[in-house]
Amino acid sequence: MASANLNPQREVRSFLMARDPSIDRRFRPRPQKRERLFAEIEEDDYSSDSSVSDTDIDSDIRSSGITDANSSDGSHIESGALVYLRLRPVSPCPSPAYKISEDGNVLITGPPLECASTSNNKNSMEKHYSFSGIFNAAVSQSEVYEKCIGQKIEMEESLSVMTYGTSGSGKTFTLLGDANRPGVIPRSLEHIFTQYQTNIYPNPVLKLVNGRITVLDDSAAAKENSMRCKIMSSCPELEGDYANLQQRIAADHNFPQLQLDDGVSVLIWVSFVEIYNELVYDLLAPMPTGGNNKMQKVPARKNLKIVCNDGNVFIKGLTSVFVKTSAEALRLLRWGLQKLTYASTSINANSSRSHCIFFVDVLKYYRSGVITETSFKFCDLAGSERLDKTGNMGSRLKEAQRINTSLMVLGRCLDAANSVSAGGKDRIPFRESKLTMLLQAALLGKEKMAMIVNVTPTDKYYEENLNVLSFAAIAKNILFKAPVTKQNKSRYSVFEGKELDNNEYVQQLLEENAFLRNDNEDLLDENARLRDEIERLTNERTDELQKQEQELRIQLVDSFQITLEENKKNFERRLQTELESQKRIFESKMEFLKRKYEDELEDLREEVEELEKENKENIEKLELKETHAKIEGNENMQNQMLSKKRRTIE
Ligand SMILES: Nc1ncnc2c1ncn2[C@@H]1O[C@H](COP(=O)(O)OP(=O)(O)OP(=O)(O)O)[C@@H](O)[C@H]1O
């Protein structure tokens, strides 16, 4: 069936597909043995510059000739998440279990014939899933891009794009594509660089540091430049591949250049992370020096901490590289992809075993002093997997469990966001996975979210696809009531109202930076003084607490002693009473026994007397008998003698 064609070896289809045999294996990630779930999440007290109101900034942006998406596209009213469905091609043809409605926006599923009897009741019913758009296998990469992403980039809206689906359903293909069919990321990069082409500033003077727009002084900018050179020298050139790719994209789209003032300068930074087994890794971290020496031991990858502050999330220590062209950004993307964790599973010969996010931050400064930030996140989610079907074992199984868990948390976040949007009071559980922490701006509706759900329309994946589609349905239902902020804005007030060219402006920025640094030093002094004060107060408080504790101890000991004394007395009293009552009982018992035994003695005595009397009578009777006998004997003898004498006489 169709599944026979699902597992092509991941050939090196494109310069974007990173599994090139030439990749130095030492730099491939190794699975971590340790489990550390959330230790690397830190709280931070940072709060962004709020000295300038959004209204002020909006008017500055308008006066600079830039249209504000907030006011033009109705972002202030409710807006839903954009959820698209993409069906990947399968051979020989998709299962009839998946049908697209006539209007093209609803997927109708019914159980495949062979599953109709075995499938559980819930899954055997016909179901309807509506989407912002459905792309069947015939829809090209360029159409997907135009429909899902292009407009957002043109409107300079911060956007999180994510691909979601089962393993092997085409998530990576949608985002990266191949040499002849470039995906969303290369098209977005071409689009971004084309639209800002004439305004791209060649020096890294502005940067997002810990989620905050920072002006870099000369030495910091020089440092960024040397870091950039070091990293770019590690990335192989794109050569002919890039020209081919550019041509294909140019043939598909006609990206317009934005009509920006000369005074507007644009700086673009990219970064790339992987979330593998719930650990965050920097995919653009510079190679250790001497990295070409194959004998050298490569240090273990460092996992990074996500810092979360009031909805403002950033990754501490993440490498962000200043790029001047789309080719540079693509080189970095390809370099990062080489370090991504892939493995062969029974479903996909080259399956992504981690979630990865490619960040593109666009910083713009206007001659009026306003600086804006637009950020694009491209997130390739690892595929959800049915553990029983994939037959994964060992580390593959562990990875799959982690992948499923983080996707489940994403689902729960979407569910909670959905219920919040419907007026519920649920807490959105962002902190339960790294992925949701990083995507929380989109989940909260602070920036636009476009989810492309990939589905392999075969019977084999029917049940998994229903899970994926239900997940998408939740996302689709979310309504963001809070205004979607097109850009984060901050202003350096020193430039207000001045007409400056770029160099003057940068000079001003540097002066402002120096001023801020002085200010910062004062604040640091104040901070140190306050720390001392806090320490002194803490010590005082500790002493006072110790004293209170001592007094309390003494009071407690005294009260214990009194209680003990009272208990002792009570006990003695009770003992005495008890003794007396026992004594009385004993005496009465003795009296009773005495009387009883005296009676018995008296009875015995009488008995003895009676017996003695009886005995005496018996003796007298016996003596009497003996006397009688003797008398009788004598009489007999006398009679005998008499008779004898008579005879003799006779
Ligand atoms: N729309 C499509 N047109 C042509 N080929 C596609 C399409 N979608 C996916 N494929 C092909 O299917 C295979 C798997 O796709 P891909 O690697 O993008 O899947 P995945 O969803 O990222 O998987 P995993 O989650 O396991 O990484 C690839 O060979 C890809 O070229």
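Just so you know, ligand 1 is whichever comes first in the structure, and atom 1 is the first atom listed for that ligand.
Within the set Gly177, Ser169, Gly170, Ala137, the minimum heavy-atom distance to atom 16 (P) of ligand 1 is found for Gly170.
Looking at ligand 1, you won't find any N or O of Leu381 less than 3.5 Å from one of its N or O atoms. Considering backbone and side-chain atoms alike, Leu87 places every N or O at 3.5 Å or more from each N or O of ligand 1. Inclusion of Pro89 in the set of residues having an N or O under 3.5 Å from an N or O of ligand 1 is not warranted. Considering both main-chain and side-chain atoms, Asp380 never comes within under 3.5 Å of ligand 1 through any nitrogen or oxygen pair.
Inspection of the Thr374 and Glu156 side chains reveals no N or O donor paired with an N or O acceptor under 3.5 Å. Side-chain polar atoms of Ser130 and Asn105 form no donor-acceptor pair below 3.5 angstrom. Under the 3.5 Å distance criterion, with hydrogens and angles disregarded, no donor-acceptor pair is assigned to the side chains of Arg88 and Asn454. Between the side chains of Gln257 and Gln195, not a single donor N or O lies within less than 3.5 Å of an accepting N or O.
In the vicinity of Thr166, heavy-atom distances shorter than 4.0 Å reach the ligand 1 atoms 21 (O).
Classification of the Tyr276-Tyr281 ring pair by plane angle, with boundaries at 30° and 60°, yields tilted.
Neither the backbone nor the side chain of Thr174 comes within 4.0 Å of ligand 1, counting heavy atoms alone.
In this structure, Arg181 has a heavy atom closer than 4.0 Å to ligand 1.
By the neighbour-count criterion of 12 heavy atoms within 6.0 Å, atom CE of Met227 is sparsely surrounded, having that number or fewer from other residues, nucleotides or ligands.
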